[in-house]
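Everything below concerns the one structure shown next.
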Amino acid sequence: MAASVVVSTSLSVCFNYGYHRRPSISALSCHSNSITKTNLKLSSQCFSNSNSVAPIYCRKFVARTSIGENESESEKELGFVGEDSAVFELGKQKVSSWIYFTAILGVVLYVLNVAWIDNSTGYGKAFIDAVSTLSDSSEVVMLILILIFAGVHSGLASFRNTGEKLIGERPFRVLFAGISLPLAVSTVVYFINHRYDGLQLWQLQDAPGLHQLLWLSNFISFFFLYPSTFNLLEVAAVDKPKLHLWETGIIRITRHPQMVGQVIWCLAHTIWIGNSVAVAASIGLIAHHLFGVWNGDRRLAIRYGEDFELVKSRTSVVPFAAILDGRQELPKDFYKEFIRLPYLTVTAITLGAYFAHPLMQAASFNLHW
């Protein structure tokens, strides 16, 4: 595969994706550095269109996975302006980068434990106690904790462009994680400790097959929830963090997989627990992610402009909607976009988290938050 992206343009009709756009200067150039780093090979085809008033330009990209597969028919048929998601090329990995990642992860966990989790040295319990004084209702406290986390998380995400210009990409990522992570831990621990408080609305745990169905739903939700595994080195700021425009894999199903995954997770846990605290937590989390849909699209539109509009035109927020109405055409070897290390990592983490539930619950209970 070519290491660089070769730019060419031709008169073409983008009939595969149901959009028609007039050419612009930005459409005639390859201006995204991120595209060159995702092993996308540019090609073009020329078609005539007797029904079109004016010709339009279409950029055609061919995506290839990192497992060494050959170019397939589906690759030739599909064009991309976004990035090929979940690509992990072992030959391009630096051992030093992953050593740095491991060291940074260890330092972050140590600082998080000392400064926040450990009741003898950290401020986590004091924070939970302060929020709990606002109401005797576990439902209200749960919603306040989610509101605080959502406000900080989405607020910092909205401030990202300005923040990175002021202090740089890596320092801003450290700031973002340093504030968001303790709040996320507090919210999760409070939910675990108080999930059976409140009013019991229904009791379905003895229903035949329900546990298996909800377990499967929860397992699937994690494939939507964690697209951050596409760029772990950026999450830890080992590599310079970027705002990515993904277009393959789970993005074909929904443009906002985290929202969809959160909805699935919330529904599964709410059905199983069946009380008012679970309902309150689900309302807060889903509302936060629905806001993230609007805010995420807004940020991508600012960053990528016309490229995002093209991706938006052939993807959907509602799962499978773009596929059903013909705007998104799945390649014949679509499954290969999931046989990649990041998705295998999600699988391992999800199974590990399930079997670690008793440990997580015991650790949360011992904090007395």
Side-chain angles (χ1 to χ4, degrees), residues 101-135 137-150 152-153 176-198 200 205 211 214-215 217-219 221-222 225-226 228-229 232 235-236 258 261-262 264-266 268-282 284-285 288 345-369:
F101 173 82
T102 304
I104 290 172
L105 180 62
V107 171
V108 168
L109 293 177
Y110 175 78
V111 173
L112 180 66
N113 181 65
V114 173
W116 197 260
I117 297 176
D118 191 331
N119 288 335
S120 63
T121 59
Y123 293 93
K125 180 172 174 54
F127 171 72
I128 293 293
D129 290 344
V131 175
S132 298
T133 60
L134 300 176
S135 175
S137 169
S138 296
E139 295 87 343
V140 173
V141 174
M142 187 78 255
L143 284 172
I144 293 174
L145 289 171
I146 293 174
L147 180 62
I148 293 172
F149 168 76
V152 170
H153 189 270
F176 180 86
I179 299 176
S180 298
L181 189 57
L183 296 177
V185 170
S186 297
T187 305
V188 171
V189 170
Y190 187 87
F191 174 75
I192 292 175
N193 286 347
H194 297 269
R195 67 192 185 281
Y196 286 113
D197 293 353
Q200 193 69 36
Q205 294 185 2
H211 180 269
L214 297 183
W215 185 92
S217 299
N218 187 67
F219 182 82
S221 75
F222 278 79
L225 267 171
Y226 293 106
S228 60
T229 55
L232 277 179
V235 172
Q258 285 181 300
Q262 189 65 75
I264 296 173
W265 186 93
C266 286
H269 282 76
T270 301
I271 291 172
W272 181 254
I273 296 173
N275 64 21
S276 54
V277 171
V279 170
S282 294
L285 290 171
H288 169 47
T345 301
V346 171
T347 302
I349 292 175
T350 303
L351 292 174
Y354 173 75
F355 290 111
H357 262 57
L359 297 177
M360 295 165 59
Q361 293 167 5
S364 297
F365 178 77
N366 288 333
L367 291 176
H368 302 288
W369 289 6

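Counting only heavy atoms from C-beta outward, the side chains of Leu145 and Ile128 approach each other to under 4.5 Å. Between His288 and His153 there is a side-chain heavy-atom pair separated by less than 4.5 Å. At least one side-chain heavy atom of Phe219 sits under 4.5 Å from a side-chain heavy atom of Leu351. Between Lys125 and Ile117, every side-chain heavy-atom pair lies at or beyond the 4.5 Å cut-off. Between Asp118 and Val114 there is no side-chain heavy-atom pair separated by less than 4.5 Å.
Heavy-atom minimum distance, Gln200 versus Gly274: NE2-O, 3.3 Å. Nearest heavy atom pair, residue Ala278 against residue Thr270, reads O-OG1, 3.5 Å. Pairing each heavy atom of Ile192 with each of Ser364, the nearest pair is CD1-OG, 3.5 Å. In terms of heavy-atom proximity, Asn275 sits nearest to Arg195 at ND2-O, 2.6 Å. Here the shortest heavy-atom pairing between Pro182 and Ala177 reads CD-O, 3.9 Å. Closest approach of Asn366 to Asn119, counting heavy atoms only: O-ND2, 4.4 Å.
To the nearest 0.5 angstrom, Ile273 atom CD1 is 11.0 Å from Asp197 atom CG. In this structure, the separation between CD1 on Ile271 and CG on Leu214 is 5.5 Å, given to the nearest 0.5 Å. To the nearest 0.5 Å, atoms CG (Leu225) and CD1 (Ile264) are separated by 8.0 Å. Distance CD1/Ile179 to CG/Leu183: 8.0 Å, rounded to 0.5 Å. If you take CG on Leu109 and CG on Asn113, they are separated by 8.5 Å, rounding to the nearest 0.5 Å. Interatomic distance, OG of Ser138 versus CG of Leu143, reported as 11.0 Å (0.5 Å rounding).
Ring geometry, Phe191 versus Trp265: the interplanar angle falls from 30° to 60°, so the pair is classed tilted. Ring-plane geometry between His194 and Tyr190 is classed as parallel, the angle between the planes falling under 30 degrees on a 0 to 90 degree scale with a further cut at 60. Ring geometry for Trp116 against Phe127 counts as tilted: the plane angle lies between 30° and 60°, on a 0 to 90° scale.
The local environment of CZ in Phe101 is crowded, with over 12 non-hydrogen atoms from other residues, nucleotides or ligands closer than 6.0 Å. Enclosure of atom OH in Tyr196 by more than 12 non-hydrogen atoms of other residues, nucleotides or ligands within 6.0 angstrom is indicated.
The aromatic ring centres of His211 and Trp272 sit less than 6.0 Å apart.
Using a distance-only test at 3.5 Å, with no hydrogens or angles considered, a donor-acceptor pair links the side chain of Ser221 to the main chain of Asn218.
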